[in-house]
Amino acid sequence: LPALSERLLGSPVQFNHSHRPATSSVNFVAAHDGMTLADLTAYEEKHNEANGEQNRDGHNENLSWNNGQEGATDDRQIAAARRRDVRALLATLFASRGAIMLTAGDEFGRTQRGNNNAYAVPADAPPADAWAVDWHHADDALIAYVARLTRIRRRHPALRQPEFFAG
């Protein structure tokens, strides 16, 4: 909890010593070179088989979990748990001070089907759309949730204060 609280406060240990503002930190849950936000809650292991490296490429430390089933599921309870987890991760991100980095597609549930090294997928290998931002399968409820988080952050200056808390 202390490490999390420090990040939520803008990482003062890293930035406060040089008179940089709390808004100097960049906060993110998922990045372009790993699993998507949706995949963090749907895959416990990487699935880079399409890359032609026998799943040896990409890192193995994904800090991900599958909520009881690896990959896509029709199980309503698992799907609901994944939706809750994604929303909790997003709420934590939007509550943090500093710049927010949200990878394109994470705001609507984009998946790379567990591939954490999608840039290495050959263009002719399935899933050839690993890099695609597929708006046809966008989760409209998740888009609305991210929009609400954005409005909350904009309305509450405490979430964007450049000064570090003292004491």
- Please name the residue in the list D106, L37, N27 that meets the side chain to side chain contact (heavy atoms under 4.5 Å, CB included) test with L93.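 Of the listed options, the one satisfying the test is N27.
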
By side-chain hydrogen bond (donor to acceptor under 3.5 Å, both in side chains) - contacts of [X] (at least two apart):
{"X": "T41", "answer": "none"}
{"X": "H137", "answer": "D134"}
{"X": "R56", "answer": "Q54"}

Checking the side chain of [X] only, and the main-chain atoms of [Y] only, is there a donor and an acceptor separated by less than 3.5 Å?
{"X": "S25", "Y": "R97", "result": "yes"}
{"X": "T150", "Y": "V146", "result": "yes"}
{"X": "S64", "Y": "Y43", "result": "yes"}
{"X": "E6", "Y": "L4", "result": "no"}

Consider only side-chain N and O atoms of [X] and [Y], and report whether a donor and an acceptor are under 3.5 Å apart.
{"X": "K46", "Y": "N115", "result": "no"}
{"X": "D39", "Y": "T111", "result": "yes"}
{"X": "H47", "Y": "E70", "result": "yes"}

- Give me the other members of the hydrophobic cluster that V26 sits in, counting Ile, Leu, Val, Met, Phe, Trp and Tyr linked by side-chain heavy atoms under 4.5 Å, directly or via other members. F28, M101

Search all heavy atoms of [X] against all heavy atoms of [Y] and return the closest pair with its distance.
{"X": "Q69", "Y": "D75", "value": "OE1-CB, 4.4 Å"}
{"X": "A79", "Y": "T73", "value": "N-CG2, 4.3 Å"}
{"X": "H32", "Y": "T103", "value": "N-OG1, 3.9 Å"}
{"X": "A104", "Y": "E107", "value": "C-OE1, 3.9 Å"}
{"X": "R160", "Y": "R153", "value": "NE-O, 2.9 Å"}
{"X": "N116", "Y": "D57", "value": "OD1-O, 4.3 Å"}

- side-chain contact (heavy atoms from CB on, under 4.5 Å) evaluation trace for E49 with R113: CA-CA 11 Å; E49 294 84 4; R113 293 181 269 319; over 6 Å; no

- Item | Pairwise side-chain hydrogen bond (donor to acceptor under 3.5 Å, both in side chains) hits with a residue in residues 77-94, at least two apart |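 Sorted result for residues 77-94: W65-D85, N67-D85.
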
- Message: Distance check, rounded to the nearest 0.5 Å: I143 atom CD1 versus R148 atom CZ?
- Response: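 Interatomic distance, I143 CD1 to R148 CZ, rounded to 0.5 Å: 12.0 Å.
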
- For the atom pair CZ (R76) and CD1 (I78), what is the distance rounded to the nearest 0.5 Å?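 Going from CZ on R76 over to CD1 on I78, the span is 13.5 Å.
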
- Message: Please enumerate all residues that pass side-chain contact (heavy atoms from CB on, under 4.5 Å) together with L149, with sequence neighbours excluded.
- Response: L90, A91, F94, Y145

- Any side-chain heavy atom of N51 within less than 4.5 Å of one from N117?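 Yes - at least one pair of side-chain heavy atoms lies under 4.5 Å apart.
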
- Query: If two hydrophobic side chains count as joined below 4.5 Å and joins carry through other members, does F108 share a cluster with M35?
  - Reply: no

